[in-house]
Amino acid sequence: MPNAEEIKQRIEAAIPGAKAEVEDWTGGGDHFRATVTAPVFQGRSRIAQHKLVYEVFGQEIGGRIHALSLKTRSPQ
Amino acid sequence: MSDTEHNQIRDAIQKAIDEHEVILFMKGTPEAPACGFSARTVAALQALQAEFAAVDILPDPRIRQELSTISQWPTIPQLFVKGELVGGCDIVVEMYESGELAQALGLEHDSASAPEPPAGEPQPLARGLTQVENRLG
């Protein structure tokens, strides 16, 4: 069962300079909500930003991780 | 499953995207969404009184598979406007709240009289669903 800390660490390890806050939305270990801030998001569309995060998990999204709700931001 | 059948499904999905200015691929129907994320996306569109086509992806797992191949987007729902993927639930709701969704849909958006967003701060899925059902009711 994935947990919020694992998801946070994987996002931060895969995306340079990323800071992630992750919570288990339902407490069930399969619906997560993450807010991710990363310099690489600068100048990219929301679609492109979210795709960068989804790519960290590949096929796990929709499978092992039923849902990962995202908010993405560039650093101020 | 033959490649031909997969291609036929993919072609049908692409045709639907091309032929409808606003089309939502979702779990369930706008009247009876089968997932909280689909429900919130429908609620955002309905709050703007947007006209949209909806495709239920649940009856055939190949629809979702081929759709994600086309869009390179892993989750459902997926909203397309003028042939382009706009986003899933998170992006659509965020755009709704900022007024960008109305812009993208070519609808007037009077922020002073904007209805409550379909989903606010983090909350359990079940509560989000209840809100949507109230809205639909």
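What you see below is based on every heavy atom in this structure, not just the backbone, and it leaves out hydrogens, waters and symmetry mates. Here is how names work: the chains are called A, B, and so on, in the same order as the sequence lines, proteins then strands, and each is numbered from 1. In this text, all values refer to a predicted model and were calculated from it rather than measured experimentally.
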[X] side, atom [atom1]; [Y] side, atom [atom2] - distance, nearest 0.5 Å:
X: A/R46; Y: B/D90; atom1: CZ; atom2: CG; result: 10.5 Å
X: B/T75; Y: A/H50; atom1: OG1; atom2: NE2; result: 10.0 Å
X: A/L70; Y: B/E94; atom1: CG; atom2: CD; result: 10.0 Å
X: A/S45; Y: B/E84; atom1: OG; atom2: CD; result: 10.0 Å

Next item on the list: Count the heavy atoms belonging to other residues, nucleotides or ligands that lie under 6.0 Å from CD of B/Q14, then report whether that count exceeds 12.
Entry: yes

- Might you confirm whether atom CD of B/Q65 has over 12 heavy atoms from other residues, nucleotides or ligands at distances under 6.0 Å? yes

In terms of heavy-atom contacts, A/I47 and B/I91 come closest through N-CD1, 3.8 Å

Sub-4.5 Å side-chain heavy-atom contact between A/H31 and B/F37
yes

Below 30° counts as parallel, above 60° as perpendicular, anything between as tilted: where do the rings of B/W73 and A/Y54 land? perpendicular

